[in-house]
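A quick write-up on the structure given underneath.
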Amino acid sequence: MSGMGKTEPVEDRDSCIPDTVKNFVFDLHDATRRSQVPAEARNLYVVEYKSLCEKYFANSAWPSPAGVSSECNADPIFLALYGELTTRHFHGACRTGVRDRIDSWRSYRHLFDTLLELANDPAADTMGGLCVPPEWAFAAMNEFVYQFQAFCQFRTNLGGRKEHDLTVLRENKDAWAVETVMFYLHGLVRVGCPEPGGPPPPTAGHAAFGTYAAVGLSRLECLLGDYTSCLSALRPLGGAVASVVPVECAPGGAKDDPLHGITAARATVAYHAGVSYLLLRRYRDAARTMSPMSAVLLRGLRSGTLRRAPGGEQLPKLADRMVALLAIVSHLCPAAGACCSEEVRTHVQDRHGDALAKIDSGDEGYEELFAHACPKFVSPAVPNYDRAGGSAGGAPPPDASKAAYNLQVRGFAGETAGHGPLRRLRSYLKLYTSIRNDKLAAFNDMGVNRLAGLLCGYKLKMFQLENSSLYGPAGVPKDPLEGSVKSALDVEYYVEADVVYVEGEEDGRGHDEHFLKQIESCNEISGEVATVPITV
């Protein structure tokens with residue numbers, strides 16, 4: 001495809017294929033279908049494929065599946081995989097039009113139909129196996145959900161749409177239909193992540209696709225605004241939410257990680273699960289989920305190691321969004337800040353301290369932070385394309401996906417609107433061990449009766465479901481929706497007669513972490529001083 005968005009003829013792409021590309025296709029087919037050596041398949045995908053993209057196809061499409069069929073004995077399963085690989089590259093390297101989006105939908109449907117048919121009748125595959133690197137499977141499922149999201153935004157924004165595009169959309173109303181997208185994701189999860197005691201996945205490739213289909217399904221549910229389903233979609237993975245904790249902190253180590261240590265997959269789970277916990281008012285769980293992954297991303301991006309990892313181009317954006325969400329969580333529920341490491345708390349303060357200070361002074365700021373950090377929610381409904389020009393020559397109908405996004409942002413703003421008086425009340429409670437009702441009411445510029453309601457409401461609002469640990473007995477990861485009702489207040493109080501008594505509560509963060517951080521900083525400074533030449 002050229003830079004103007006015109007599709008390059010297939011015969012031109014296939015007319016002169018470099019020998020190195022042919023050899024790559026031959027070796028990739030051998031590694032995924034014949035020898036099925038995971039290390040070899042991973043090296044071909046992660047290293048050689050990237051190198052060939054940069055050398056030959058930086059701004060153009062790869063040869064079509066028909067053009068390379070001779071290198072793989074026209075293996076239909078491999079050609080379906082190859083079709084996904086080249087389609088994903090095409091959409092990342094070239095400008096695409098509406099027909100390209102429809103063709104991509106057909107390419108993904110062909111791949112998933114092929115995988116599900118193979119699972120239903122494994123004996124029909126004469127080669128008897130499929131080995132797909134986890135990086136490939138995650139990238140494919142992540143791109144599938146991303147293209148669904150992008151197509152929803154494209155088809156619901158009818159303002160200024162050309163008649164040619166509208167004609168294609170009318171002819172393909174079933175393209176990227178949400179029920180079909182969910183059918184494929186659920187089907188791959190069912191085949192690749194069977195229930196305990198059920199039959200194992202038919203191939204290693206099905207297990208990889210099933211794993212990351214669950215991650216994609218969780219992301220999709222979050223984009224649609226169903227936060228409970230977002231978390232329940234991770235159930236087939238068992239330890240998916242637990243796997244966002246650094247491996248060295250998890251019982252059993254790397255073998256318990258269902259995401260195979262792929263940082264981009266772990267970050268995707270942490271981000272969307274964190275958003276879901278936040279909007280379900282499970283503030284501590286949101287902090288426990290996002291904080292460890294944020295620390296990993298901040299360190300890796302600072303050193304540059306993660307920028308070179310597969311999917312690394314998306315990690316800075318995810319890290320920035322999670323830090324903004326942690327700023328919201330720790331400000332709405334100060335007790336959630338105790339679930340964050342000193343490193344993350346420092347970064348949150350450096351990055352968003354001014355915005356939080358404005359909120360404390362009475363300005364609105366949660367909505368702006370959330371609008372920056374939340375996913376781009378979409379509406380899956382197919383619009384009426386006949387109204388694209390507007391009724392009676394008027395304006396076209398409003399963008400449904402933008403309306404869905406604004407609805408979620410407004411809903412969150414409404415939820416946080418009442419937190420101003422609560423923050424002010426908390427600030428006074430932290431200063432006293434006991435205080436008369438009328439005095440506390442005067443500090444808060446309200447009557448005693450309204451103060452009584454505020455004191456009760458604050459306690460009630462801070463009761464929430466909470467998982468005190470991501471792991472249960474014997475290191476078994478807990479269900480993402482599991483939890484017991486607990487208070488997230490960091491200041492305990494009760495009312496007796498006309499006096500409010502405040503019970504001191506130890507800061508959960510402790511002092512040891514603070515002193516260790518300062519010792520580390522001191523050692524760094526001492527090391528720098530030691531390198532300075534001193535002349536006497």
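Excluded from the calculations below are hydrogen atoms, water molecules and symmetry mates; all remaining heavy atoms, backbone and side chain alike, are included.
- Side-chain contact check for K173 versus Y385: some heavy-atom pair is nearer than 4.5 Å.
- In this structure, E368 does not pair ionically with K358, as no charged nitrogen and carboxylate oxygen lie closer than 4.0 Å.
- Using a 4.0 Å cut-off between charged side-chain N and carboxylate O, R284 and E466 make a salt bridge.
- Here the straight-line distance linking atom OG of S232 with atom OH of Y227 works out to 14.0 Å at 0.5 Å rounding.
- Counting heavy atoms from C-beta outward, F377 and S401 have side chains that stay 4.5 Å or more apart.
- Side-chain contact between E482 and L465 is absent, with no heavy atoms from C-beta onward closer than 4.5 Å.
- For K162, the NZ atom counts as loosely surrounded, since its 6.0 Å shell holds 12 or fewer non-hydrogen atoms of other residues, nucleotides or ligands.
- Atoms OG1 and CG, from T268 and L315 in turn, are 8.0 Å apart once rounded to the nearest 0.5 Å.
- Considering V269, V189, V215 in turn, V215 is the only one that fulfils the side-chain contact (heavy atoms from CB on, under 4.5 Å) rule with L237.
- R288 places a side-chain N or O within donor-acceptor distance of the main-chain N or O of N467, the cut-off being under 3.5 Å.
- At least one donor-acceptor pair under 3.5 Å links the side chain of R423 to the backbone N or O of I359.
- Looking at S487, its side chain never comes within 3.5 Å of a backbone N or O of F463 through a donor-acceptor pair.
- For residues 446-459, no pair satisfies side-chain hydrogen bond (donor to acceptor under 3.5 Å, both in side chains), with sequence neighbours left out.
- Residues K461 and H419 form a side-chain contact, since some pair of their non-hydrogen atoms from C-beta on lies under 4.5 Å apart.
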Check step by step if side chain to side chain contact (heavy atoms under 4.5 Å, CB included) holds for C339 and S291. CA-CA 7 Å; C339 303; S291 176; 6.0 Å; no
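- Atom CG of L440 is separated from atom CG of L425 by 5.5 Å, given to the nearest 0.5 angstrom.
- Using cut-offs of 30° and 60° on the angle between ring planes, the pair W176 and F151 is tilted.
- In this structure, the side chain of H352 does not engage the main chain of V348 through any donor-acceptor pair within 3.5 Å.
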With side chain to side chain contact (heavy atoms under 4.5 Å, CB included) as the test, would you mind laying out the steps for L158 and L166 before giving the verdict? CA-CA 9 Å; L158 299 178; L166 293 173; 4.1 Å; yes
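- Counting non-hydrogen atoms of other residues, nucleotides and ligands closer than 6.0 Å to OH of Y494 gives a total above 12.
- The closest donor-acceptor contact from the side chain of R345 to the backbone of C340 lies under 3.5 Å.
- Taking the side chain as every heavy atom from C-beta outward, Q314 and Y146 never approach each other to under 4.5 Å.
- Here CG of D498 is found 6.0 Å from CG of N437. Values are rounded to the nearest 0.5 Å.
- Between D174 and T180 the shortest side-chain heavy-atom distance does not fall below 4.5 Å.
- Between Y366 and F412, the angle of the ring planes goes over 60°, which puts this pair in the perpendicular group of the 30/60° scheme.
- Of the inter-residue distances, the one linking D490 atom CG with R426 atom CZ reads 4.0 Å to the nearest 0.5 angstrom.
- The backbone N or O of L259 sits less than 3.5 Å from a side-chain atom of Y212, completing a donor-acceptor pair.
- A salt bridge is absent between K317 and D320: the closest approach of a Lys/Arg side-chain nitrogen to an acidic carboxylate oxygen does not fall below 4.0 angstrom.
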Start with the C-alpha distance between V145 and L223, add both sets of side-chain angles, then the distance that settles side chain to side chain contact (heavy atoms under 4.5 Å, CB included), and finish with yes or no. CA-CA 10 Å; V145 177; L223 292 174; 4.2 Å; yes
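- Taking both residues in full, the closest heavy atoms of H91 and S104 are given as NE2-CB, 3.4 Å, listed atom of the first, atom of the second, then distance.
- Looking only at side-chain heavy atoms (C-beta outward), Q147 and R88 stay at 4.5 Å or farther from each other.
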Please determine whether side chain to side chain contact (heavy atoms under 4.5 Å, CB included) holds for the pair Y432 and K439, giving the CA-CA distance in whole Å, both sets of side-chain angles, and the decisive distance to 0.1 Å. CA-CA 12 Å; Y432 292 89; K439 184 177 180 180; 3.9 Å; yes
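- In terms of heavy atoms, T289 sits closest to G274 at CG2-N, 4.2 Å.
- Considering every non-hydrogen atom in both V329 and A286, the closest pair reads CG2-CB, 4.1 Å.
- Looking at L278 and Y283, their side chains come closer than 4.5 Å, going by heavy atoms from C-beta outward.
- Looking at N444, its side chain never comes within 3.5 Å of a backbone N or O of M446 through a donor-acceptor pair.
- The neighbour count for K486 NZ, taken as heavy atoms of other residues, nucleotides or ligands under 6.0 Å away, is above 12.
- By the 6.0 Å contact criterion, CG on D354 is open, its count of non-hydrogen atoms from other residues, nucleotides or ligands being 12 or less.
- Centroid-to-centroid, the aromatic rings of F112 and F144 come within less than 6.0 Å.
- Judged by distance alone, the side chain of S218 and the main-chain N or O of A214 form no donor-acceptor pair under 3.5 Å.
- Checked against I435 for a side-chain contact (heavy atoms from CB on, under 4.5 Å), the options Y428, F443, Y493 give a single hit: F443.
- In this structure, SG in C456 is found 9.5 Å from CG in L451, a value given to the nearest 0.5 Å.
- A donor-acceptor distance shorter than 3.5 angstrom exists from the side chain of Y277 to the backbone of P480, with no hydrogens or angles considered.
- Using a 4.0 Å cut-off between a side-chain N of Lys or Arg and a carboxylate O of Asp or Glu, E195 and R235 do not qualify as a salt bridge.
- Summarising the local packing, CZ of F154 is surrounded by more than 12 heavy atoms from other residues, nucleotides or ligands at distances under 6.0 Å.
- Remark: side-chain polar atoms of R155 are paired, donor with acceptor, to backbone N or O of P380 under 3.5 angstrom.
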